[in-house]
There are 2 protein chains.
Amino acid sequence: MRPGKAAHADRCPVSAVMGLRERKKLEAWRTIRSAALGLISERGFDAVSVEDIAAEAGVSRTTFFSYFSSKEAVVYDLDPEEVRQWRALLDDPRDGQPLWAAITEVALGLAQLLSERLPLQKRLFEQSPELCRSARGTCDSFEPDLKLWLAARVPDGDELRTALVFNTALAAFTTAIEAWDPDDPFETFLESVRDCLRWAGAGLARTGS
Amino acid sequence: MRPGKAAHADRCPVSAVMGLRERKKLEAWRTIRSAALGLISERGFDAVSVEDIAAEAGVSRTTFFSYFSSKEAVVYDLDPEEVRQWRALLDDPRDGQPLWAAITEVALGLAQLLSERLPLQKRLFEQSPELCRSARGTCDSFEPDLKLWLAARVPDGDELRTALVFNTALAAFTTAIEAWDPDDPFETFLESVRDCLRWAGAGLARTGS
DNA sequence: AGCGAAACCTGAACTCAGTACAAGTTCTTA
DNA sequence: TAAGAACTTGTACTGAGTTCAGGTTTCGCT
């Protein structure tokens, strides 16, 4: 039997035994990201170059791009640990729940998961149109997973309607983000997410509240 | 009384008397755009540089950027003539119609307006992830106008709900675009737009068709 | 007709994101 | 511990987007 490294290191709070290489990689990832967020949140997104970030993280520009696929990605990408939580969120069977209710739960779970990052991100959006324009990129990490999840739940539904459900849920979520003031308590944001999903679920053609 | 140039040239099918300067500008705009679309649709978006386009249009790179704010913009931006039609579409009072019905009409009108361009655009999306990623930019020209229009119709409604209505309508529209095969007849696309808006209006939490 | 101002076009020089690659370093595994 | 895979780095390149000074065209007015 081998020393560390049992079977596969897919479970456990990530940090478990997983080889020097992997551990270093995660560490480097986090170093780069926090260097980036530090610089960006004090100078603003546009005023920080990838070179600045790399220098601050003590790493080369080339290496930066081997960890993040773009400058925006360093703001959007999920920590591996968060990815794990996200998958766990989707793996919950949620049997018997109607589709829209299940979606609402996933959305709220996601919001919780992002609670640390979101206020900062929102503030960055406000000051940098550059970044804001690519805001849709936030979802790039979620989209594939979420589409699979949806497809599994609506096995034979028609394509168009399934896509609509997905995009509308996303619209509800981003609407809540747009409307949220990052200085307000996070609970306010969660309320908005709930409201938006409820309204969209009930039908927007309905007048009144 | 002066010769040409009566009052202001805001009405009329644009092409009316409007000064040499303006006419040249419009002409240059169209030359650049069609040079761009020509090159792009034969070589693909990524394989054409701004320099290529400028050269093909017989104009300098600098000038290109004085007409279009980015390389993507040359694909997305509306011809001034189309802008005129778009504004006309929004100016129609549509009295007495419930909000969602009015939105549906605007969306269908917009689709009609884009009918020429859309098949090509869709094909470009399919081949260039680069371009596709910034697809949301398509709406950048519509967003401000549309938000004003909406705000005028829901004068005292709450912000969040208004934003949700807007984003959901947009989601419905883009869903129809995503699902559409540009080789199918345009009517198919219009049907999808109608369906998506109807479903979103009726409430996505409702199961079944 | 003609003149001054404003708008326009252009080439050159620059910044920065993103990619390619070859050469060096570090970890893994058997 | 040696072969090899994975990772890092500097260098060099492409291409988008900006700035700017200087030249040309059009406009408004007389």
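What you are looking at is a predicted structure, and each value in this text was computed from that prediction instead of being measured. Proteins get letters first, then strands, A, B, ... in listed order; numbering begins at 1 in each.
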Determine, step by step, whether Thr63(B) and Ser66(B) satisfy the side-chain hydrogen bond (donor to acceptor under 3.5 Å, both in side chains) criterion, reporting the C-alpha distance in whole Å, the side-chain angles of both residues, the deciding distance to 0.1 Å, and the verdict.
CA-CA 5 Å; Thr63(B) 298; Ser66(B) 91; 5.2 Å; no

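Between Trp180(A) and Pro185(A) the shortest heavy-atom distance is NE1-O, 3.7 Å.
Between the CD atom of Glu27(A) and the P atom of dC27(C) there is a distance of 11 Å, rounded to whole Å. Look at CZ on Arg23(A): it is 16 Å from C1' on dA6(D), rounded to the nearest Å. Atom pair Glu22(A):CD and dC7(D):P shows a separation of 9 Å (rounding to whole Å applied). One can place CE of Met18(B) at 15 Å from C1' of dT26(D), the figure rounded to the nearest angstrom. One can place CD of Glu130(A) at 13 Å from P of dC16(C), the figure rounded to the nearest angstrom. The separation between Phe45(A) atom CZ and dC16(C) atom P is 13 Å, rounded to whole Å.
When the side-chain nitrogen and oxygen atoms of Lys24(B) are compared with OP1 and OP2 of dT26(D), one or more of them lie within a distance under 4.0 Å. OP1 or OP2 of dC9(C) sits under 4.0 Å from a side-chain N or O of Tyr67(B).
Salt-bridge formation is not detected for the pair Arg23(A)/Glu27(A): no Lys NZ or Arg NE/NH1/NH2 atom is positioned less than 4.0 Å from an Asp or Glu carboxylate oxygen. Between Lys122(A) and Asp181(A) no salt bridge is recorded (no basic side-chain N to carboxylate O distance below 4.0 Å). Residues Arg123(A) and Asp183(A) are paired through a salt bridge, judged by an N-O separation under 4.0 Å between the basic side chain and the carboxylate.
Surrounding CZ of Arg194(A) are more than 12 heavy atoms belonging to other residues, nucleotides or ligands, all under 6.0 Å away. Residue Arg133(B) places its CZ atom among 12 or fewer non-hydrogen atoms of other residues, nucleotides or ligands, all under 6.0 Å distant.
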Could you go through nucleotides 17-23 of chain C and list every protein N or O atom that sits under 3.5 Å from one of its N or O atoms, giving the distance for each pair?
unit_1: dA17(C); atom_1: OP1; unit_2: Lys71(A); atom_2: NZ; d: 3.3
unit_1: dA17(C); atom_1: OP2; unit_2: Val50(A); atom_2: N; d: 3.2
unit_1: dG18(C); atom_1: OP2; unit_2: Lys71(A); atom_2: N; d: 2.7
unit_1: dG18(C); atom_1: N7; unit_2: Arg61(A); atom_2: NH1; d: 3.4
unit_1: dG18(C); atom_1: N7; unit_2: Arg61(A); atom_2: NH2; d: 2.9
unit_1: dG18(C); atom_1: O6; unit_2: Arg61(A); atom_2: NH2; d: 2.7
unit_1: dT19(C); atom_1: O4; unit_2: Arg61(A); atom_2: NH2; d: 3.4

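Within the 3.5 Å criterion, the main-chain N or O of Ala171(B) finds a donor-acceptor partner in the side chain of Thr174(B).
For the 3.5 Å distance criterion, the side chains of Asp52(A) and Ser49(A) qualify, holding a donor opposite an acceptor.
Across its full length, the helix from dA1(C)-dT30(D) to dA30(C)-dT1(D) shows an angle of 30° between the axes of its 5 terminal pairs at either end, rounded to 10 degrees.
Residue order along DNA chain C, read from the 5' end via each residue's closest nucleotide, puts Arg21(B) first among Ser60(B) and Arg21(B).
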